[in-house]
Each structure stands twice: as C-alpha cells, then as structure tokens.
**Student:** 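Questions regarding the structure given below will be posed in turn.
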Amino acid sequence: MIEPRQYGQQALQEYLLLDYVQRLETRKFGHRAVHIHLSRLKPFHRRDYHIRVATNTFESYVKLYVGRIFVLTNNDLLFIWKDKSIADVEPAVDTLRYLFRDDPLAQDQSEETGFCTWYNLNTEFQEFLLLCQHMNERARKIQQSAMAQDSSDLLQPINADNLAQLEDTIHSADLSEHIRQQPVCVFGKGEGRELHPVFDEFFVSIADLRNAIMPSIDLASNRWLFQHMTEVLDKRMLNYLCKRTFRTHASSFSLNLNLATLTSKDFERFDEIVRQKWPGNVIIELNQVDLFSNLETYLNVRDDFQARGYRILIDNLTVEALSFVDRKSLKADFIKVAWSQEMTDNVIRKKYKELDTLVQSSGRERVILCRCDSATAIKFGQSLGITLFQGRYIDNMIARQRAAKRAAKRPV
C-alpha cells in the first residue's frame with residue numbers, strides 16, 4: 001500500500017477515502033453513501049466559495065449520522081454514513097440542488113450523468129470500492145503528471161545519438177519485463193454477466209521501458225525517431241514470441257505493430273513459426289496515424305494478410321476520428337475507440353445520435369471500446385450497442401472473476 005506521505009495535499013483526500021472504505025469492508029452493513037458530482041457543474045459554479053458552501057451543508061449530517069465527508073481533487077463530494085436511510089440524507093442533496101438551480105446539472109436525475117449517485121453499501125460495496133480505487137488512482141496520476149510537468153525541463157529530447165544507445169539497450173535488454181498482456185472481453189448472457197476474453201493484446205509498455213533504461217530521455221519528443229524506436233521494439237516482440245512459449249486466456253491474440261514491420265524478415269519468421277501453427281486468430285493492430293501516413297502500403301498488404309488468416313484492427317480512434325474512418329471501405333475487421341470521460345459531457349452527448357449512427361455503420365460487434373476505467377465507460381458503450389471492451393476496469397473484473405473461481409475450487 002502507498003504511504004500517505006507519498007501523496008501531495010492534492011491527492012490526500014482520495015487516499016484517505018480509499019483507506020476508510022477498505023477498512024469499512026468487514027463492517028459495511030448499515031452504511032450508505034452519496035457521490036455528489038460537483039465536477040460536472042459549469043465552471044462558474046465550481047469556485048472555492050461554492051465548494052465551501054456545499055461542504056458546510058453536510059456538516060450537521062456528519063455529526064448527526066456519524067458520517068464522513070470527503071472533498072475530492074475534482075471538487076466532488078462523497079458523504080458516507082450509517083444506520084439512516086437514503087431518504088434521511090436527501091434533504092441535504094435537495095438543498096444543494098437548490099443552491100445550484102441555475103446549472104443544468106441540478107435538474108439531471110440520471111445515475112450516469114446527473115447531479116449525484118447513491119450507494120447502498122450492503123449490496124453495492126464492491127462497485128463503490130472500485131469507484132474509490134479509480135478516484136484514488138486518477139488523483140495520483142494527476143499529481144504525478146503535475147510533478148512530471150514541473151520537472152519536464154530536466155528531460156532531454158531524443159536524438160540520433162541516444163537513439164543508437166537506446167537501440168543497443170533494447171537489443172540486449174530482457175524485453176519480457178516490459179511486455180504487457182490485456183484482454184478484450186465480451187459480456188456473457190444471463191444473470192452473472194460473466195466476462196469472456198475474445199483475444200489478448202500483447203504490447204510493450206513504453207513508459208515502463210523508458211523508466212527502466214532511459215529515465216532522463218523524452219522518447220516521444222521526435223515523432224520520426226520515436227517511430228523508428230517502435231519498429232525496433234516490433235522486431236524484438238516478434239522474436240520474443242518466436243522463442244518463448246507464451247500463454248493467453250483466449251484462443252486469439254493481437255499485436256500492435258507498425259506497417260513497415262509487416263514487410264520485414266522478422267515478421268515472415270513470426271508467420272512461419274507462430275502464426276501458421278496458432279489455432280486461433282492473430283490480429284494486427286495498426287495505429288490510425290501510421291495507417292493513413294502509409295495508406296498505399298496498407299492497401300498493398302491488406303488483402304494478402306487477410307487471405308493468410310490475419311485479422312486487421314485500426315487502433316487509437318477518438319470520437320472525432322471515427323467520423324473519418326470507414327471500417328468497411330478499409331476492409332478492416334475491427335476498430336478501437338478510446339473511452340474518455342468527456343464522452344458523457346454535454347458537448348459529446350449532443351452528438352450521441354451521430355455517434356450511434358457511426359457505431360452502427362461500422363458494425364456494433366466490430367467496435368471495441370478501449371481504455372475503459374470505470375463502470376460509466378461500460379454502460380456508455382453498451383448504450384451504443386458495443387459488446388467488446390478493454391481497459392483497467394475490465395482487468396479488475398476479470399481478476400475478481402478468476403479469484404472467485406479459484407476460491408470455489410478450494411476444499412472446504
């Protein structure tokens with residue numbers, strides 16, 4: 001566990017919240033919580049004065065109901081109490097709705113996008129714990145990003161000299177320490193809604209690699225040198241898969257590769273040693289920028305690769321990019337759209353019908369919503385008819401699912 005002293009004041013409330021909720025697990029019965037989404041208010045209504053007034057509204061409830069209130073980094077309020085019903089706390093929330101009555105959010109009753117979300121910890125503890133873990137991780141990342149921004153002047157830009165040194169290090173390093181594996185999953189039918197991996201993505205964590213071998217170099221400062229570096233990593237990944245016995249939880253797997261790598265001898269060796277003997281599908285993930293920068297290459301290799309049994313996935317699409325990418329005309333098998341919290345903002349929600357049409361035209365079963373870090377991401381994707389999901393929230397669900405199965409098999 002991370003010690004409190006490792007947190008700045010900015011992220012301390014999230015740490016204290018998570019610590020409190022974790023200790024609450026064995027005595028959760030009778031507890032309830034309300035998450036008030038002040039971060040969704042218009043900027044005018046999120047000044048320090050408004051946050052102080054909102055917090056003071058709950059002070060009497062803290063004493064009366066043996067409660068705890070947390071003011072989070074993004075100005076959201078989270079109030080946890082015991083032995084009183086939700087109806088007992090609703091007057092305080094109604095008071096806040098009245099205070100912010102000029103803001104459209106105050107009238108939004110939706111659980112997903114509205115003013116507040118209620119939790120009964122008797123039955124929703126795990127969901128609430130995941131929320132607190134997510135908020136803690138997000139606050140820590142914000143803090144780390146701020147610290148990194150402060151020290152960004154200390155990072156040296158990548159150049160030809162340190163690229164050569166980096167290449168030598170990559171060739172000699174144990175790449176297995178930096179290879180990550182993340183599933184793309186579909187929800188099963190029925191009450192349990194169990195997750196089933198469709199394929200596992202193998203990729204190299206660039207951030208971990210940089211921290212391990214060149215912490216003082218900004219690897220992405222030069223686009224062309226960065227791409228050359230990723231092509232070197234592609235070849236190391238392919239060689240790794242040729243030499244090692246690797247396992248996946250799904251019958252298929254994907255690799256994030258550059259287009260230039262597909263015409264290399266390393267890829268031909270991978271095709272002969274691994275792909276031709278693999279019982280499931282092998283999916284090639286291509287970054288949209290790389291694809292459109294080398295569209296002629298893509299069109300030249302696409303049909304041949306699909307005839308040889310490969311599947312093609314266009315990766316790293318934003319909502320805006322989705323309108324420019326026609327999966328069917330490009331004859332790609334899948335596309336990945338990156339989830340972001342902004343998708344539920346009013347600006348995006350006004351484009352919801354347009355987004356729904358784009359997903360439908362791409363084929364709902366062919367769209368993967370990736371970077372899913374919350375239940376909101378899953379619900380939003382499902383509202384569009386998307387069935388394939390990837391991200392940390394999915395990873396956590398899969399881990400709990402497997403742990404439950406292992407526990408069920410243990411002798412009593």
**Student:** Within the distance-only criterion (no hydrogens, no angle test), does the side chain of Arg180 pair as donor or acceptor with the backbone N or O of Ser205 below 3.5 angstrom?
**Tutor:**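 Not confirmed, Arg180 side chain does not pair with Ser205 backbone.
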**Student:** Given Asp76 and Ser39, is the side-chain hydrogen bond (donor to acceptor under 3.5 Å, both in side chains) satisfied, shown in steps?
**Tutor:** CA-CA 6 Å; Asp76 280 1; Ser39 60; 2.8 Å; yes
**Student:** Mind checking the SG-CD spacing from Cys132 to Glu14? Nearest 0.5 Å is all I need.
**Tutor:**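 Going from the SG atom of Cys132 to the CD atom of Glu14 covers 9.5 Å.
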**Student:** Looking at side-chain heavy atoms only, is the closest gap between Trp81 and Leu64 below 4.5 Å?
**Tutor:**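 Result no, sub-4.5 Å side-chain heavy-atom pair not found.
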**Student:** Let me confirm one number: the CG-CD1 distance from Leu41 to Ile36, rounded to the nearest 0.5 Å.
**Tutor:**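 If I round to the nearest 0.5 Å, the distance is 10.5 Å.
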**Student:** What is the ring orientation for Phe380 with Trp339, classed by angle as parallel under 30°, tilted 30 to 60°, or perpendicular over 60°?
**Tutor:**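 Tilted: the ring planes of Phe380 and Trp339 meet at 30° to 60°.
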**Student:** How would you list, by chain and number, every residue that makes a side-chain hydrogen bond (donor to acceptor under 3.5 Å, both in side chains) with Arg27, sequence neighbours excluded?
**Tutor:**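 With neighbours one apart ignored, the set is empty.
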**Student:** Please determine if Arg275 forms a cation-pi arrangement with Tyr310, meaning its NZ or CZ atom is less than 6.0 Å from the six-membered ring centre and no more than 45° off the ring axis.
**Tutor:**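 Because its charged atom sits under 6.0 Å from the ring centre and within 45° of the axis, Arg275 does stack over Tyr310.
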**Student:** A side-chain contact here means heavy atoms from C-beta on lying under 4.5 Å apart; do Arg32 and Trp118 qualify?
**Tutor:**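 Arg32 vs Trp118: side chains apart.
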**Student:** Answer whether the closest heavy-atom distance between the side chains of Phe187 and Thr387 falls below 4.5 Å.
**Tutor:**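 In short, these two side chains do not touch, never coming nearer than 4.5 Å.
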**Student:** Hey, what's the ring geometry for Phe100 with Phe115, parallel, tilted or perpendicular (30° and 60° as the breaks)?
**Tutor:**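 Tilted: the ring planes of Phe100 and Phe115 meet at 30° to 60°.
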**Student:** Which pair of non-hydrogen atoms, one from Ile69 and one from Phe58, has the smallest distance, and what is that distance?
**Tutor:**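 That closest heavy-atom pairing would be CD1-CB, 3.4 Å.
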**Student:** Would a distance-only check, ignoring hydrogens and angles, find a side-chain to backbone donor-acceptor pair under 3.5 Å from Asp88 to Ser85?
**Tutor:**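 Checked: pair present.
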**Student:** Quick check for you: to the nearest 0.5 Å, what is the distance between Thr57 atom OG1 and Arg52 atom CZ?
**Tutor:**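 It is 12.5 Å, given to the nearest 0.5 Å.
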**Student:** For Gln401 and Glu194: C-alpha separation, side-chain torsions, deciding distance, then whether side-chain contact (heavy atoms from CB on, under 4.5 Å) applies.
**Tutor:** CA-CA 8 Å; Gln401 189 172 289; Glu194 186 174 343; 3.1 Å; yes
**Student:** Take a 6.0 Å sphere around NZ of Lys82 and say whether it holds more than 12 heavy atoms from other residues, nucleotides or ligands.
**Tutor:**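 Counting other residues, nucleotides and ligands, NZ of Lys82 stays at 12 neighbours or fewer.
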**Student:** So do Phe199 and Leu313 actually touch side chain to side chain, heavy atoms under 4.5 Å?
**Tutor:**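 In short, these two side chains touch, coming nearer than 4.5 Å.
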**Student:** Check each of Asp234, Leu291, Leu233 against Asn258 using the side chain to side chain contact (heavy atoms under 4.5 Å, CB included) test, and report the only one that passes.
**Tutor:**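 The option that passes is Asp234.
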**Student:** Ignoring hydrogens, what is the shortest heavy-atom contact between His37 and Cys116? Give both atom names and the distance.
**Tutor:**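 Closest pair (atom of His37, atom of Cys116, distance): CD2-CA, 3.7 Å.
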**Student:** Working to the nearest 0.5 angstrom, can you tell me the gap between Leu262 CG and Leu257 CG?
**Tutor:**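 Output value for this atom pair is 6.0 Å.
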**Student:** Say whether Ser293 and Asp290, considering side chains only, have a donor N or O and an acceptor N or O under 3.5 Å apart.
**Tutor:**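 No - no donor-acceptor pair under 3.5 Å links their side chains.
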**Student:** Testing Gln181, Gln182, Arg400 one by one against Asp395 for a side chain to side chain donor-acceptor pair (under 3.5 Å), which residue passes?
**Tutor:**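 It is Gln182, the one option of Gln181, Gln182, Arg400 that forms the side chain to side chain donor-acceptor pair (under 3.5 Å) with Asp395.
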**Student:** Do you know the tightest heavy-atom contact between Arg327 and Ala332?
**Tutor:**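 Heavy atoms of Arg327 and Ala332 come nearest at NH1-O, 2.8 Å.
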**Student:** Indicate the atoms forming the closest heavy-atom contact of Gln22 with Leu129, along with that distance.
**Tutor:**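 Nearest heavy atoms, Gln22 then Leu129: CG-CD1, 4.0 Å.
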**Student:** Is there side-chain contact between Val325 and Phe292, with at least one heavy-atom pair below 4.5 Å?
**Tutor:**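 SC-SC contact between Val325 and Phe292 confirmed.
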**Student:** Once salt bridge (Lys or Arg N to Asp or Glu O under 4.0 Å) is applied, do any residues pair with Arg392, and if so which ones, sequence neighbours excluded?
**Tutor:**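 If we apply the salt bridge (Lys or Arg N to Asp or Glu O under 4.0 Å) test to Arg392, skipping adjacent residues, the hits are Glu137.
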**Student:** Taking only residues two or more places apart in sequence, or in another chain, which ones meet Ala164 in a side-chain contact (heavy atoms from CB on, under 4.5 Å)?
**Tutor:**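 So Ala164 forms no side-chain contact (heavy atoms from CB on, under 4.5 Å) with any residue.
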**Student:** If you look only at distance, which donor and acceptor atoms sit under 3.5 Å apart when one is on a side chain in residues 355-362 and the other is two or more places apart or in another chain?
**Tutor:**
residue: Asp356; atom: OD1; partner: Arg364; partner atom: NH1; Å: 3.0
residue: Thr357; atom: OG1; partner: Lys353; partner atom: O; Å: 2.9
residue: Ser361; atom: OG; partner: Thr357; partner atom: O; Å: 3.3
residue: Ser361; atom: OG; partner: Leu358; partner atom: O; Å: 2.8
residue: Ser362; atom: OG; partner: Leu358; partner atom: O; Å: 3.1

**Student:** Could you tell me whether the side chain of Gln288 and the main chain of Asn316 form a donor-acceptor pair under 3.5 Å?
**Tutor:**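 Flag set: sc Gln288 to bb Asn316 pair under 3.5 Å.
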**Student:** Kindly say whether Asp373 contributes a backbone atom to a donor-acceptor pair with the side chain of His134 at under 3.5 angstrom?
**Tutor:**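 Yes, His134 side chain to Asp373 backbone: donor-acceptor pair under 3.5 Å.
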**Student:** For Arg402 and Pro197, which heavy atoms make the closest approach, and how far apart are they?
**Tutor:**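 Looking at all heavy atoms of both residues, the closest pair is NH2-CG, 3.9 Å.
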**Student:** Tell me if a side-chain donor or acceptor on Asp333 pairs with a main-chain N or O of Ile312 at a distance below 3.5 Å.
**Tutor:**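 Indeed, once roles are kept as given, a pair shorter than 3.5 Å links the two residues.
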**Student:** Could you walk me through whether Tyr119 and Phe128 pass the ring pair (Phe, Tyr, Trp, His ring centres under 6.0 Å) test, one step at a time?
**Tutor:** CA-CA 7 Å; Tyr119 294 90; Phe128 185 67; 5.1 Å; yes
**Student:** Would you call the rings of Tyr20 and Phe70 parallel, tilted or perpendicular, where under 30° means parallel and over 60° means perpendicular?
**Tutor:**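 Tilted: the ring planes of Tyr20 and Phe70 meet at 30° to 60°.
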**Student:** What class does the angle between the rings of Tyr61 and Tyr65 fall in, given that below 30° is parallel, 30 to 60° is tilted and above 60° is perpendicular?
**Tutor:**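 Taking Tyr65 first and then Tyr61, their aromatic rings stand perpendicular (interplane angle over 60°).
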**Student:** Is there a side-chain contact (heavy atoms from CB on, under 4.5 Å) between Leu388 and Val198? Walk through the geometry before answering.
**Tutor:** CA-CA 8 Å; Leu388 296 170; Val198 176; 3.7 Å; yes
**Student:** Please test Ile386 against Ile368 for side-chain contact (heavy atoms from CB on, under 4.5 Å), starting from the C-alpha separation and ending with a verdict.
**Tutor:** CA-CA 7 Å; Ile386 293 173; Ile368 300 164; over 6 Å; no
**Student:** Can Arg366 be said to sit on top of Phe334's aromatic six-ring, NZ or CZ under 6.0 Å from centre and within 45° of the ring axis?
**Tutor:**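 Flagged: Arg366 positioned over aromatic ring of Phe334.
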**Student:** Rounded to the nearest 0.5 Å, how far does CG of Leu96 lie from CG of Leu77?
**Tutor:**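 These two atoms lie 7.0 Å from each other.
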**Student:** Kindly write out the residues that satisfy ring pair (Phe, Tyr, Trp, His ring centres under 6.0 Å) with Phe270, not counting sequence neighbours, or none if the list is empty.
**Tutor:**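 Result, ring pair (Phe, Tyr, Trp, His ring centres under 6.0 Å) vs Phe270: Phe267.
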**Student:** So, the side chain of Asp200 versus the backbone of Thr248: is there a donor-acceptor pair under 3.5 Å, distance only?
**Tutor:**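 Looks like no, no N/O pair under 3.5 Å.
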**Student:** Would you please test Leu130 and Asn396 for side-chain contact (heavy atoms from CB on, under 4.5 Å) and show each step?
**Tutor:** CA-CA 9 Å; Leu130 279 173; Asn396 291 336; 4.0 Å; yes
**Student:** Show every donor-acceptor pair shorter than 3.5 Å between a side-chain atom in residues 278-285 and any protein atom, with sequence neighbours excluded, or say none if there are none.
**Tutor:**
residue: Trp278; atom: NE1; partner: Ser251; partner atom: O; Å: 2.9
residue: Glu285; atom: OE1; partner: Lys336; partner atom: NZ; Å: 3.0
residue: Glu285; atom: OE2; partner: Ser254; partner atom: OG; Å: 2.7
residue: Glu285; atom: OE2; partner: Lys336; partner atom: NZ; Å: 3.2

**Student:** Tell me if a side-chain donor or acceptor on Arg97 pairs with a main-chain N or O of Ala106 at a distance below 3.5 Å.
**Tutor:**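 Yes, the answer is positive, given that a donor and an acceptor are paired below the 3.5 Å cut-off.
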**Student:** Tell me whether Asn122 contacts the main-chain N or O of Gly30 through its side chain, where contact means a donor paired with an acceptor under 3.5 Å.
**Tutor:**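 Yes, the answer is positive, given that a donor and an acceptor are paired below the 3.5 Å cut-off.
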**Student:** If you define the side chain from C-beta out and look only at heavy atoms, does anything of Cys242 sit under 4.5 Å from Val274?
**Tutor:**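 Contact flag for Cys242/Val274 side chains = yes.
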**Student:** Supply the atom-to-atom distance Met135 CE to His35 NE2, rounded to the nearest 0.5 angstrom.
**Tutor:**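 Separation between the atoms: 5.0 Å.
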**Student:** So Lys235 and Ser264, do their side chains get closer than 4.5 Å, heavy atoms only?
**Tutor:**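 The answer is yes, as the side chains (C-beta and beyond) meet within the 4.5 Å cut-off.
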**Student:** With side chains defined as the heavy atoms from C-beta onward, is the minimum distance between Thr117 and Leu131 less than 4.5 Å?
**Tutor:**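 The answer is no, as the side chains (C-beta and beyond) never meet within the 4.5 Å cut-off.
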